[in-house]
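Notes follow once the structure below has been shown.
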Amino acid sequence: MFATPSLLVVLVLSSIGCINALEARKSYNLYHVLGNDSKPTPRGTITIAPSDGEGSLVATYHPDESAQLDISSFDSMVDSGGLYTLLVLEEGDSPSNNGH
């Protein structure tokens with residue numbers, strides 16, 4: 001059976017897609033929100049990338065050096081029954097674009 005040219009193009013593009021997926025690297029920005037009244041505060045970045053080994057992925061956390069947890073705000077959040085929220089956004093997105 002012979003493959004038509006259009007089928008060959010699909011197979012080649014599929015192979016390129018698999019190679020690019022293996023080489024992909026994604027980063028996500030982390031923010032936290034204390035209770036309902038707090039603005040999102042940067043906490044760091046998580047980078048997910050292929051490992052050097054058997055085709056697995058590795059996630060690496062890079063803390064934001066300026067990130068400090070305000071203890072009094074945290075205590076107030078707990079006393080009022082508020083929630084600690086962790087926002088995980090793709091690199092390039094900001095909390096203001098996501099309704100926070």
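All values below were derived from every heavy atom in this structure, side-chain atoms included, with hydrogens, water molecules and symmetry-related copies excluded. Given the structure is predicted, the values throughout are model-derived calculations rather than measurements.
Using a 4.5 Å heavy-atom cutoff, the side chains of Lys26 and Glu90 are in contact. No side-chain heavy atom of Val33 sits less than 4.5 Å from a side-chain heavy atom of Lys39. Using a 4.5 Å heavy-atom cutoff, the side chains of Arg43 and Tyr31 are not in contact. No side-chain heavy atom of Leu30 sits less than 4.5 Å from a side-chain heavy atom of Leu87.
Between the CG atom of Leu83 and the CG atom of Asn36 there is a distance of 7.0 Å, given to the nearest 0.5 Å. Distance check, rounded to the nearest 0.5 Å: NE2 of His32 to OH of Tyr84 gives 5.0 Å. Between atom CG of residue Leu34 and atom OG of residue Ser72 there is a gap of 9.5 Å, rounded to the nearest 0.5 Å. Within the model, atoms OG1 of Thr45 and CD of Glu91 stand 7.0 Å from one another, a figure rounded to the nearest 0.5 Å.
Hydrophobic clustering places Tyr28 together with Tyr61 (ILVMFWY residues linked when any side-chain heavy atoms are closer than 4.5 Å, directly or through intermediates).
The closest side-chain donor-acceptor pair between Ser51 and Ser56 falls under 3.5 angstrom.
When all heavy atoms of Ile48 and Ala59 are compared, the closest pair comes out as CG1-CB, 4.1 Å. Between Gly92 and Asn29, the shortest heavy-atom distance links the atoms N-ND2, 4.0 Å.
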